[in-house]
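Below is one structure, written out as structure tokens; the observations come after it.
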Amino acid sequence: MAKQVKTAISPTRSEDYPEWYQQIIKASDLAERSTVRGCMVIKPWGYALWENIVQAMDNLFKATGVKNAYFPLFIPLSFLEKEAEHVEGFAKECAVVTHHRLEKGKSGGLEPAGKLAEPLVVRPTSETIIGDSFSRWVSSYRDLPILINQWANVVRWEMRTRIFLRTSEFLWQEGHTAHATAEEALERTSMMLDVYTTCVEDYLAMPVIRGRKSPAERFPGAVDTLAIEAMMQDRKALQSGTSHFLGQNFARGFDIKFQTAAETEEYAWTTSWGSSTRMIGGIIMIHSDDDGLILPPKVASAHVVLLPIIRNPDDRQAVMDYAQKLARELSAKVYHQRNILVEIDDRDIGGARGWDWIKKGIPLRVEIGPRDIAENAVFVGRRDQPPNEKSAVKRDQFVAEVTDILDDIQQNLFQRALAFREAHTIEIEDQKTFYDFFTPQNAEKPEIHGGFAISGWCGSAECESKIKEDLAVTIRCIPFDSEAGKGRCVCCGKKSESQVVFAKAY
RNA sequence: CGGGGCGUGGCGCAGCCUGGUAGCGCGCCUGCUUUGGGAGCAGGAAGUCCCCAGUUCAAAUCUGGGCGCCCCGACCA
């Protein structure tokens, strides 16, 4: 008799949320820490997930006229100096290449040699190097707009790293556009936020709040930053995509000028927008439970695992034939532009096999044994339901309905997350309630507390930073549907400028 | 960069205080028995005890120095 374990993941979410998060990643085999400080190794199960997100998002981008390109990893140091706020925002986290050769040193080890005339920064983001190209691509209003995206890796030398959420190197996409008018650039800024919303809500099943960042939370160098924010199961906010209106700031820094139809010379209006492997962290934290990862079907690394039950060796051939035939039929079906991905796992490791796939978060587990073959059935478990709730389904019915079942799981995950967010979002008017809301009962080992507070804000940076200092709570966004001028500032009590979303954040 | 903690088979840890040449659980391999809710028994493989120096007959253990990592803050997608 095996020892009884209630949950596959230990500790549970309520026991120790940060540790639970690490354990999910380990148990699901998504990724692991690299021996390189702050970096991660994305393993096949995690990379397949990323590829699916990339594909979904890339299609959405291209549907709006964006084209992909690729710019250098290295950025001349001088480029970063061309936009004052930008350099200030990123200077502290830049990795810098200063040499181009290694030589045998005195101690026998290799030492950098061949000092570069100008140091190269490993891109933390590419506004500058892309701005440099844009300046050469644009001369007439007829050259505009330019709609470019690149899928790339970037490096930000963070103090503290957390796998998928904040790593020294991460994968992302960054879109960069240049326009003839401010209106058009603004339109593009909000259009891309719409694309992010679609991708994150429809594909990742993560409900988001859309809004504008406060000046303090703006991207360095941006005139305006729009963002989508989702609530994780520890009730903290995760920013899962940002879209920036850069005004003419970078156009001035990089001399992106064009001649108008009226023969005047003007600076272009630019935008940039990005989303990263951080979204995988969001998927983990918003959907998974104490038995492991739960993947949204539309981007799942695989959809179905077939688990042949072979009680005696004589059955093996029949069971495997049945499984392989089923796999072929399922694989031929299309689910949201992708063929259904089927795994067959015939490892002889007993019940641990089923739990492996539960921990990996695969949407559907299908057990196939002699009994099922006799009844022309399959035994199906859904990852959005408890591990023991499995049921027999006629084989043909399962094949016919599998995409509906996947859609149902997808919807269920979204609704579950939405209900959770709504349950932990409250409107707060007075300061004491606000402070209580964001203060844990046990300061030594804070329990999961707080959530999203919808409160008035007078618009002053002082109130914003006081709340940040007191509670580590920030303005996540000023929602687009915020009621202007309603109520009073939750900090100073003066007349409110807008109702904003306050939360602790990743 | 401040405060704390930790480096011992793949993973998690004990051993250190009081020096005597390394052990436990999980995992892995082999065999037999099992198998539809995380298998049992038997056997087996696997470790420069983070690095360097010192003390000592003898160092995972004591001393000094270094390196790395994790957690909590400030910074951030």
Side-chain angles (χ1 to χ4, degrees), chain A residues 1-10 16 18-19 22-23 26-27 32-38 88-94 124-125 154-174 196 213 216-217 219-220 225 227-229 237-244 272-282 291-292 307-313 315 319 346-359 365-373 377-381 386-392 443-446 465 468-469 472 474 505-506:
Chain A
M1 190 61 190
K3 64 179 171 187
Q4 288 296 313
V5 182
K6 283 201 189 106
T7 59
I9 301 297
S10 174
D16 185 345
E19 182 58 24
Q22 310 278 1
Q23 292 303 324
K26 189 183 282 186
E32 64 187 22
R33 305 200 72 91
S34 163
T35 45
V36 180
R37 191 207 95 109
E88 197 182 326
F90 284 104
K92 281 175 286 182
E93 51 192 59
C94 284
T125 180
V154 287
V155 169
R156 297 184 189 175
W157 213 261
E158 302 288 353
M159 292 299 166
R160 250 183 79 203
T161 58
R162 285 247 254 163
I163 200 156
F164 285 123
L165 295 173
R166 194 180 301 104
T167 43
S168 298
E169 179 193 15
F170 56 94
L171 305 184
W172 79 339
Q173 62 65 218
E174 49 181 323
Y196 287 146
K213 287 287 178 183
E217 299 280 328
F219 177 76
T225 291
I228 51 176
E229 297 277 338
L238 183 79
Q239 178 178 307
S240 355
T242 48
S243 186
H244 316 290
S272 70
W273 23 278
S275 63
S276 70
T277 36
R278 177 176 239 206
M279 286 186 290
I280 295 177
D291 286 324
L307 303 168
I309 309 290
I310 297 160
R311 299 188 81 154
N312 85 61
D315 295 334
V319 174
D346 66 344
R347 287 177 300 166
D348 183 19
I349 55 172
R353 185 179 58 168
W355 283 100
D356 252 21
W357 289 98
I358 290 170
K359 287 185 277 193
R365 306 183 307 284
V366 177
E367 296 175 5
I368 296 168
R371 204 190 300 160
D372 304 294
I373 296 175
V378 291
F379 207 58
V380 180
N388 57 344
E389 280 182 29
K390 294 179 284 192
S391 54
E444 296 289 303
K445 193 179 177 301
S465 89
K468 185 173 180 181
E469 271 174 39
T474 50
Y506 280 96

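By convention in this document, chain letters (A, B, ...) are assigned in the order of the sequence lines, proteins followed by strands, and residues within each chain are numbered from 1.
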Exercise. Can you check the A:Q23 CD to B:C11 P distance for me, whole Å?
Worked result: 14 Å

Exercise. Within the structure, does a side-chain N or O atom of A:R33 lie under 4.0 Å from either OP1 or OP2 of B:C70?
Worked result: yes

For this session: Provide the distance between the two C1' atoms, one in B:G9 and one in B:G66, to the nearest whole Å.
Result: 26 Å

Exercise. Can you tell me how far C1' of B:A77 sits from NE2 of A:H244, to the nearest Å?
Worked result: 9 Å

Problem set entry | Value in whole Å for how far the C1' atom of B:G10 lies from CD of A:E32 | 11 Å

Exercise. Which part of the nucleic acid does A:T242 contact within heavy-atom distance under 4.0 Å: base, sugar-phosphate only, or nothing?
Worked result: nothing

Exercise. Using atom C1' of each nucleotide, how far apart are B:A46 and B:C24 to the nearest Å?
Worked result: 15 Å

For this session: Take atom C1' in B:U18 and the same atom in B:U61, then report the distance between them in whole Å.
Result: 10 Å

For this session: Report the distance from atom CZ of A:F90 to atom C1' of B:C76, rounded to the nearest whole Å.
Result: 9 Å

Exercise. Across the strands shown, which category fits A:Q239 at heavy-atom distances under 4.0 angstrom: base, sugar-phosphate, nothing?
Worked result: sugar-phosphate

Exercise. Closer to the 5' end of RNA chain B via nearest nucleotide, is it A:I310 or A:G350?
Worked result: A:I310

Exercise. For A:D348 and B:G40, what is the distance between atoms CG and P respectively, to the nearest whole Å?
Worked result: 14 Å

For this session: Mind checking A:K359 for me? I need base, sugar-phosphate or nothing, with any heavy atom below 4.0 Å counting as a touch.
Result: base

For this session: When you get a sec, tell me which of B:C11, B:C76, B:A39 is the closest nucleotide to the side chain of A:A352?
Result: B:A39

Exercise. Checking all strands, does A:N312 fall into the base, sugar-phosphate, or nothing category for heavy-atom contacts under 4.0 angstrom?
Worked result: nothing

For this session: Answer yes if the side chains of A:E158 and A:S168 hold a donor-acceptor pair under 3.5 Å, and no otherwise.
Result: no

Problem set entry | Separation of atom CG in A:L307 from atom P in B:G36, rounded to whole Å | 12 Å

Seminar exercise, completed: Between A:I9 and A:G38, the residue closer to the 5' end of RNA chain B by nearest nucleotide is A:I9

Problem set entry | Closest non-hydrogen atom pair, A:I163 against A:R33 | CD1-N, 3.8 Å

Exercise. Using a cut-off of 4.0 Å on non-hydrogen atoms, how would the nucleic acid contact of A:T474 be classed: base, sugar-phosphate, or nothing?
Worked result: nothing

Exercise. Quick one: A:R311 CZ to B:U33 P, roughly how many Å, whole number?
Worked result: 16 Å

Problem set entry | Nearest heavy atoms of A:I368 and A:V378, plus distance in Å | CG1-CG1, 4.3 Å

For this session: Indicate yes or no for a side-chain donor-acceptor contact from A:T225 to the backbone of A:F219 under 3.5 Å, with no hydrogens or angles considered.
Result: yes

For this session: State, with a plain yes or no, whether a side-chain heavy atom of A:I309 is found less than 4.5 Å away from one of A:F379.
Result: no

For this session: Please confirm whether any donor atom in the side chain of A:R166 sits under 3.5 Å from an acceptor in the base of B:C76, or the reverse.
Result: yes

For this session: For nucleotides B:C49 and B:G15, find the distance between their C1' atoms and express it as a whole number of Å.
Result: 11 Å

For this session: Look at the side-chain N and O atoms of A:Q22 and state whether any lies under 4.0 Å from the OP1 or OP2 oxygen of B:C71.
Result: yes

For this session: Tell me which nucleotide among B:G36, B:C11, B:C76 gets nearest to the side chain of A:F379.
Result: B:G36

For this session: Give A:D356 one of three labels, base, sugar-phosphate or nothing, depending on what nucleic acid heavy atoms sit under 4.0 Å from its own.
Result: nothing

Problem set entry | Pair partner, B:C67 [Watson-Crick or wobble, under 3.5 Å] | B:G7

Problem set entry | Pair partner, B:C16 [Watson-Crick or wobble, under 3.5 Å] | none

Exercise. Taking any strand in view, what nucleotide pairs with B:G73 in a Watson-Crick or G-U wobble way, both distances under 3.5 Å?
Worked result: B:C1

For this session: Quote, to the nearest angstrom, the C1' distance that separates B:C51 from B:U8.
Result: 15 Å

Exercise. Do other residues, nucleotides or ligands put more than 12 heavy atoms under 6.0 Å from the CD atom of A:E19?
Worked result: yes

Exercise. What does A:Y506 touch in the nucleic acid at a heavy-atom separation under 4.0 angstrom: a base, only the sugar-phosphate, or nothing?
Worked result: nothing

For this session: Indicate, with a heavy-atom threshold strictly under 4.0 Å, whether A:G369 touches base, sugar-phosphate, or nothing.
Result: base

Exercise. Of all the choices, B:G36, B:A77, B:G38, which nucleotide is nearest to the side chain of A:I309 once you look at every atom?
Worked result: B:G36

Exercise. For the atom pair OG1 (A:T7) and NZ (A:K359), what is the distance rounded to the nearest 0.5 Å?
Worked result: 10.5 Å

Exercise. Taking atom C1' in both B:G7 and B:C75, what distance in whole Å separates the two?
Worked result: 28 Å

Exercise. On a whole-Å scale, what distance lies between the C1' atoms belonging to B:A60 and B:C52?
Worked result: 16 Å

Problem set entry | Rounded distance (Å) that lies between atom P of B:A74 and atom CD of A:E158 | 14 Å

For this session: Answer yes or no for this row: A:W172 ring on B:A77 base, centroids under 5.5 Å, planes under 30°.
Result: no

Exercise. Under 4.0 angstrom, heavy atoms only, what part of the nucleic acid is A:P370 near: base, sugar-phosphate, or nothing?
Worked result: base

For this session: Under a 3.5 Å limit for both distances, which nucleotide forms a Watson-Crick or G-U wobble pair with B:G43, could you say?
Result: B:C29

Exercise. Looking for any heavy atom pair under 4.0 Å, which part of the strands does A:L238 touch: base, sugar-phosphate only, or nothing?
Worked result: nothing

Problem set entry | A:K213 vs B:A77: side-chain N/O to OP1/OP2 distance below 4.0 Å | no

Exercise. Roughly how far apart, to the nearest Å, are B:G73 and B:C26 at atom C1'?
Worked result: 35 Å

Exercise. When you check the phosphate oxygens OP1 and OP2 of B:C76, does a side-chain N or O of A:K92 lie under 4.0 Å from one of them?
Worked result: no

Exercise. Counting distance only, does the side-chain N/O of A:S240 pair as donor-acceptor with the main-chain N or O of A:L238 below 3.5 Å?
Worked result: yes

